[in-house]
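Just so it is clear, the values below take in all heavy atoms, side chains as well, and ignore hydrogens, waters and symmetry mates. Whatever order the structure lists them in is the order used to number ligands and atoms, beginning at 1.
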Amino acid sequence: MFGKFKHWFNGKTNHQLKINPQLINIHGHQYLLRCATNQDVSSMVEIERQNFGTPPWSANAFELELSRFRDRLYLVITYDSQVVGYIGASFNWYHRESHITNIAVLPAYHSQGVGEHLIRALFQASTRVGMTTMSLEVRVSNTRAQQLYQRLGFHQSKLKRRYYIDDHEDAWEMKVNLRSEEEDN
Ligand SMILES: CC(C)(COP(=O)(O)OP(=O)(O)OC[C@H]1O[C@@H](n2cnc3c(N)ncnc32)[C@H](O)[C@@H]1OP(=O)(O)O)[C@@H](O)C(=O)NCCC(=O)NCCS
């Protein structure tokens, strides 16, 4: 119990969620993984537009998320300085759960492992600060994303009926247990 309080308290006070930039090799190509900044917002909106048509998230929505440095972490992967994918998460310090708010990869870069690297980077960043679970919601019709999540250990935990505001599609809530190094004491 004390451990839970400690993480909640840390979240309230001195944690700034971030990762160090790192070069990653995906199938022989060198990409850069780093924290997202306000300069990346237009690229993130463009990735949304290319995947969804009308971007579900506006530039303002992304900027607001990026300003919440104590309970949000947004990562991008770039190739030749171009942002090709991003992932965002919220952190619940009391429940030690990180929640993927958004993930998308430029269609031209799909199926090359960028999405998997983004999720694995979030696994690492989450366990490092003591998160024990990660969750997300995904459209029932988005079987491709669900397959990726299942391969990375997520399981369907709950069906959320009429979850999406625009067309009332149902969502699967999916969860994965993260192996935490930290002990609850
Ligand atoms: C879901 C999404 C983020 C996945 O990103 P991605 O970079 O394509 O994901 P990955 O490449 O890591 O993995 C996807 C597939 O490519 C395969 N793959 C990976 N490297 C590959 C390669 N070199 N050659 C062929 N296939 C490959 C993986 O095995 C995986 O296969 P699967 O879908 O059958 O499980 C991406 O499809 C996307 O942006 N979709 C639109 C937005 C969206 O739906 N977001 C999720 C909202 S919940």
Side-chain angles (χ1 to χ4, degrees), residues 19 21-36 40-59 61-62 64-66 72-92 97-126 131 133-178:
I19 63 159
Q22 45 196 275
L23 291 172
I24 49 175
N25 190 297
I26 308 180
H27 303 298
H29 296 275
Q30 203 165 68
Y31 293 77
L32 177 69
L33 169 74
R34 59 168 172 79
C35 286
D40 298 317
V41 165
S42 57
S43 305
M44 291 156 87
V45 172
E46 175 59 18
I47 293 173
E48 292 255 303
R49 194 190 62 73
Q50 288 198 25
N51 276 295
F52 303 112
T54 310
W57 283 35
S58 65
F62 278 117
L64 185 64
E65 289 286 288
L66 290 178
R72 296 289 191 274
L73 180 63
Y74 279 75
L75 306 176
V76 293
I77 286 184
T78 66
Y79 185 73
D80 264 354
S81 303
Q82 180 191 15
V83 177
V84 297
Y86 69 87
I87 190 166
S90 62
F91 285 67
N92 183 319
E97 180 170 301
S98 50
H99 181 86
I100 297 180
T101 53
N102 215 336
I103 174 172
V105 172
L106 269 181
Y109 288 82
H110 281 183
S111 296
Q112 293 176 36
V114 174
E116 177 173 338
H117 272 79
L118 285 166
I119 295 171
R120 288 195 188 282
L122 203 55
F123 282 172
Q124 273 185 14
S126 297
M131 300 291 119
T133 319
M134 190 180 289
S135 61
L136 57 84
E137 281 98 16
V138 57
R139 285 178 182 273
V140 166
S141 63
N142 194 349
T143 51
R144 187 166 180 277
Q146 286 171 47
Q147 277 169 15
L148 172 62
Y149 303 145
Q150 267 160 354
R151 198 156 50 77
L152 293 175
F154 287 86
H155 62 273
Q156 293 170 342
S157 67
K158 201 195 293 178
L159 184 65
K160 295 186 168 178
R161 294 209 182 272
R162 299 171 67 80
Y163 179 78
Y164 292 96
I165 300 168
D166 53 352
D167 60 359
H168 307 298
E169 184 174 344
D170 296 345
W172 278 113
E173 179 186 73
M174 300 184 79
K175 290 198 173 194
V176 62
N177 288 323
L178 303 170

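Nearest protein neighbour of atom 39 (O) of ligand 1, counting heavy atoms only, is Val105 N, 2.8 Å. Taking atom 37 (O) of ligand 1 as the reference point, the nearest protein heavy-atom neighbour is Arg144 NH1, 2.6 Å. The nearest heavy-atom contact from the protein to atom 4 (C) of ligand 1 is Leu148 CD2, 3.7 Å. Protein heavy atom nearest atom 32 (P) of ligand 1, with residue, atom name and distance: Gln147 OE1, 4.1 Å. Ranking the protein heavy atoms by distance from atom 46 (C) of ligand 1 puts Tyr149 OH, 3.4 Å first.
Side-chain contact between Ile47 and Tyr86 is present, with at least one heavy-atom pair separated by less than 4.5 Å. Residues Arg34 and Asp40 have side chains in contact (heavy-atom distance under 4.5 Å, counting atoms from C-beta outward). Between Ile103 and Leu122 the shortest side-chain heavy-atom distance does not fall below 4.5 Å. With contacts defined as side-chain heavy-atom distances shorter than 4.5 Å, the pair Gln50/Leu106 qualifies. The shortest side-chain heavy-atom distance between Asp170 and Arg162 falls under the 4.5 Å cut-off. Using a 4.5 Å heavy-atom threshold, the side chains of Leu159 and Val140 count as touching. Counting heavy atoms from C-beta outward, Arg72 and Leu66 have side chains that stay 4.5 Å or more apart.
For the pair Ala145 and ligand 1, the shortest N or O to N or O distance does not fall below 3.5 Å.
Counting the atoms of ligand 1 from 1 in the order shown, those under 4.0 Å from a heavy atom of Gly115 are 5 (O), 6 (P), 7 (O), 9 (O), 12 (O). Against a heavy-atom cut-off of under 4.0 Å, Glu116 is close to the following atoms of ligand 1: 12 (O). Listed by atom number, the atoms of ligand 1 under 4.0 Å from Ala104 heavy atoms are 39 (O). For ligand 1, the atoms sitting less than 4.0 Å from at least one non-hydrogen atom of Ile103 are 3 (C), 42 (C), 43 (C), 45 (N), 46 (C), numbered in the order shown with element in parentheses. Every atom of ligand 1 with a heavy atom of Val138 under 4.0 Å away is listed here by number and element: 48 (S). Residue contact check: Glu137 has heavy atoms under 4.0 Å from atoms 48 (S) of ligand 1. Near Phe52, with a cut-off below 4.0 Å to any heavy atom, the atoms of ligand 1 are 42 (C), 43 (C). Atoms of ligand 1 found under 4.0 Å from any heavy atom of Arg151 (numbered from 1 in listed order, with element): 13 (O), 28 (C), 29 (O), 30 (C), 35 (O).
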Using side chain to side chain contact (heavy atoms under 4.5 Å, CB included), reason through Leu33 and His117 one step at a time and then give a plain yes or no.
CA-CA 9 Å; Leu33 169 74; His117 272 79; over 6 Å; no
For Glu65 and Asn102, run side-chain hydrogen bond (donor to acceptor under 3.5 Å, both in side chains): C-alpha distance rounded to whole Å, both residues' side-chain angles, the deciding distance at 0.1 Å, then the answer.
CA-CA 11 Å; Glu65 289 286 288; Asn102 215 336; over 6 Å; no
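With a 4.0 Å heavy-atom cut-off, ligand 1 is reached by the backbone of His110 and by its side chain too. Residue contacts with ligand 1 for Tyr86 are absent, since no atom lies close enough (heavy atoms, distance under 4.0 Å). Residue Arg139 does not touch ligand 1, judged by heavy-atom distances below 4.0 Å. Looking at Asn142 against ligand 1, only its side chain comes within 4.0 Å, counting heavy atoms. Contacts between Asn51 and ligand 1 below 4.0 angstrom, taking non-hydrogen atoms only, involve the side chain exclusively.
No more than 12 heavy atoms of other residues, nucleotides or ligands shown are found within 6.0 angstrom of CZ on Arg161.
Ligand 1 lies out of reach of His117, whose nearest heavy atom is not under 4.0 Å from it.
Of the listed options Gly113, Gly85, Ala171, Ser111, Ser111 places a heavy atom closest to atom 25 (C) of ligand 1.
Classified by interplanar angle (parallel below 30°, tilted 30° to 60°, perpendicular above 60°), the ring pair Tyr31/Tyr109 is perpendicular.
Under the 3.5 Å distance criterion, with hydrogens and angles disregarded, no donor-acceptor pair is assigned to the side chains of Gln146 and Gln150. A donor-acceptor contact under 3.5 angstrom links the side chains of Ser135 and Glu97, judged on distance only.
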